[in-house]
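Just so it is clear, the values below take in all heavy atoms, side chains as well, and ignore hydrogens, waters and symmetry mates. All ligand and atom numbering here is 1-based and tracks the order in the structure.
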Amino acid sequence: MSKPFYKTMGQQFGRRSWAEPWKIKMVEPIHMTTRAERERAIVDAGYNSFLLRSEDVYIDLLTDSGTNAMSDRQWAGIMMGDEAYAGSRNFYHLEDAVRTYYGYKHLVPTHQGRGAEHLISQAEIRDGQFVPGNMYFTTTRLHQELAGGTFVDVIIGEAHDPADQHPFKGDVDLEKLERLIEEKGAENIAYVSLAGTVNMAGGQPVSMANARALRELCNKHGIKIYLDATRLAENAYFIQQREEGYAQKPIADIVLEFCGYTDGAWMSAKKDHLVNIGGWLAVNDAELFDRLRNLVVVYEGLHTYGGMAGRDMEALAIGIAESMDDDHIRARVEQVRYLGKLLLDWEIPIVQPVGGHAIFLDARAFYPHIPQDQFPAQVLTAELYLDSGIRGMERGVVSAGRDPQTGDHRYPKLELTRLAIPRRVYTQAHMDVVAEAIKEVYEAREKTRGLKMVYEPAQLRFFQARFEPV
Ligand SMILES: Cc1ncc(COP(=O)(O)O)c(C=O)c1O
């Protein structure tokens with residue numbers, strides 16, 4: 001399945017230089033704006049980067065989700081769409097790709113990740129059960145709560161400290177998990193919700209040793225493990241680079257071994273898989289698969305398209321294979337690290353070690369004078385946009401939402417602004433522009449003031465909330 005390892009020219013000759021492993025065949029012009037235009041745009045958007053028009057953005061690092069550049073092969077695949085309502089040949093290509101690279105037996109396609117989260121939560125959580133996981137993700141936890149579950153964070157403590165250098169900050173704290181199982185009883189644990197990498201912790205990886213040990217613990221108690229495989233190829237790169245025994249193993253082999261410790265996975269294909277839309281859920285258990293197939297036709301579409309067009313499934317099947325290419329994944333993760341290194345050289349506070357898909361700026365360290373209920377990370381996101389039209393996203397108290405029991409803000413330890421790098425879209429020159437903008441905003445930090453929330457939606461408030469300066 002896997003290709004031989006190719007070294008970059010820099011690695012072959014001991015040079016510093018490195019370049020993207022692709023050349024550009026089509027371009028999309030982007031626009032610069034004036035400071036006055038950006039001031040108007042951010043006020044119109046209620047200081048929320050989700051409410052900006054993309055036309056008003058210069059370098060868009062809002063997300064790496066669905067913003068990737070497809071390859072010429074994927075675009076060719078788009079032309080091969082079989083738009084039959086049932087049994088499209090593209091579905092079978094997709095099923096083959098998931099079986100080959102992830103190893104699960106049964107595939108349920110969905111329109112994107114949260115469609116799959118909805119199905120697995122409805123199928124596998126009973127009212128009142130607990131769902132332990134290695135840090136929450138916004139949509140994942142919401143679907144678990146809507147199904148009657150309570151999410152319990154069992155990630156290692158190091159993950160909550162932005163400066164801690166632990167190489168696998170996504171690891172599950174197995175003692176914490178075991179205590180929870182003893183306290184609540186194994187029958188009250190719906191399943192373990194494992195994510196690799198962990199988005200909210202800064203794109204931090206889970207080690208293979210941890211996945212293996214988690215499997216043993218769960219076997220002891222008869223508990224299933226479902227994996228959020230959204231960025232598992234990136235997770236595999238960190239295992240290859242950092243974990244003993246994996247340096248010579250291709251990404252594809254590492255992904256397959258990791259999945260082997262789990263009972264199934266859901267996927268937002270808009271990330272690792274290099275497409276603009278798509279998702280899936282895959283499991284080994286035939287009885288569960290039957291229940292999921294019954295649900296998918298209610299919420300997503302027939303079980304051979306699940307909300308995707310045939311052409312999208314074809315691009316996705318091709319994207320899966322491309323996402324496992326060692327050269328691709330190295331370039332992808334190392335581009336993020338390049339930006340991180342520039343910032344660290346200037347002593348700008350970011351989450352360390354640098355994760356797989358994004359740079360996370362530590363807003364608490366930028367603005368120690370702004371209390372958390374004045375939304376430091378929301379402020380920092382707005383300031384970066386005002387400086388040079390760069391769009392990031394708040395990942396702090398706004399994203400954490402309110403506690404459903406008390407109604408109070410949840411105050412996460414991490415108060416971060418995320419700059420997610422789309423795959424194969426921006427060059428190293430764009431990264432230089434971003435780094436200089438961050439430096440400028442950091443230098444002006446003492447003059448910066450907080451925000452107040454003036455509109456708050458009931459669910460996933462970070463998407464549509466509006467703010468004004470205090
Ligand atoms: C880790 C993780 N899980 C799940 C999702 C949800 O996927 P989607 O946006 O495709 O619904 C995302 C999206 O950002 C994610 O980052």
Side-chain angles (χ1 to χ4, degrees), residues 49-50 60-68 102 108-122 131 133-147 151 153 155 159 169-170 172 192-206 226-236 238 258 262 264-282 296 299-301 306-308 312-313 315-316 319-320 323 332 336 355-360 391-395 399-401 414 416 418-423 459-460 462-463:
S49 57
F50 280 101
D60 201 349
L61 308 184
L62 182 71
T63 175
D64 61 327
S65 177
T67 53
N68 306 301
Y102 291 83
V108 179
T110 61
H111 77 285
Q112 60 182 76
R114 70 198 71 182
E117 289 170 344
H118 174 217
L119 301 183
I120 192 75
S121 304
Q122 291 295 325
V131 190
N134 53 346
M135 202 173 270
Y136 84 100
F137 183 71
T138 52
T139 56
T140 317
R141 180 176 64 189
L142 182 59
H143 281 296
Q144 291 163 351
E145 288 173 352
L146 290 172
F151 176 82
D153 188 10
I155 201 165
K169 277 168 112 173
V172 173
V192 172
S193 179
L194 178 70
T197 60
V198 182
N199 190 351
M200 302 300 275
Q204 301 297 330
V206 179
Y226 295 121
L227 171 70
D228 182 340
T230 295
R231 297 185 182 83
L232 191 62
E234 291 167 8
N235 196 102
F238 289 113
F258 198 100
T262 69
W266 68 88
M267 183 79 195
S268 171
K270 302 165 73 175
K271 281 84 165 178
D272 265 1
H273 291 168
L274 302 161
V275 287
N276 305 120
I277 192 73
W280 50 260
L281 177 60
V296 76
Y299 294 107
E300 300 283 314
M308 282 181 283
D312 294 331
M313 291 191 282
L316 170 50
I320 290 177
S323 76
R332 189 282 183 282
V336 179
H357 68 297
I359 294 296
F360 289 72
R391 170 156 71 171
M393 174 197 294
E394 193 267 6
R395 293 273 90 151
S399 295
L414 298 178
L416 309 172
R418 185 185 84 170
L419 301 169
I421 316 295
R423 296 162 188 80
Q459 312 284 5
L460 301 176
F462 57 95
F463 283 132

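For ligand 1, residues of the protein lying within 4.0 angstrom by heavy-atom distance are Gln112, Gly113, Arg114, Glu117, Phe137, Thr139, Asn199, Asp228, Thr230, Arg231, Ser268, Lys270, Lys271.
For Arg332, the salt bridge (charged side-chain N to carboxylate O under 4.0 Å, His left out) test picks out Asp64, Glu234, with sequence neighbours left out. Ser49 meets the side chain to side chain donor-acceptor pair (under 3.5 Å) test with no other residue; sequence neighbours excluded. Listed by chain and residue number, Lys271 satisfy the side chain to side chain donor-acceptor pair (under 3.5 Å) test with Ser268 (two or more places apart in sequence, or in another chain).
A cation-pi contact links Arg395 to Phe462, judged by a cut-off of 6.0 Å to the six-membered ring centre and 45° from its axis.
Each of Arg231, His273, Arg423 was compared with Ser323 under the side chain to side chain contact (heavy atoms under 4.5 Å, CB included) criterion, and only His273 meets it.
In this structure, Asn276 contributes its side chain and Asn68 its backbone to a donor-acceptor pair below 3.5 Å.
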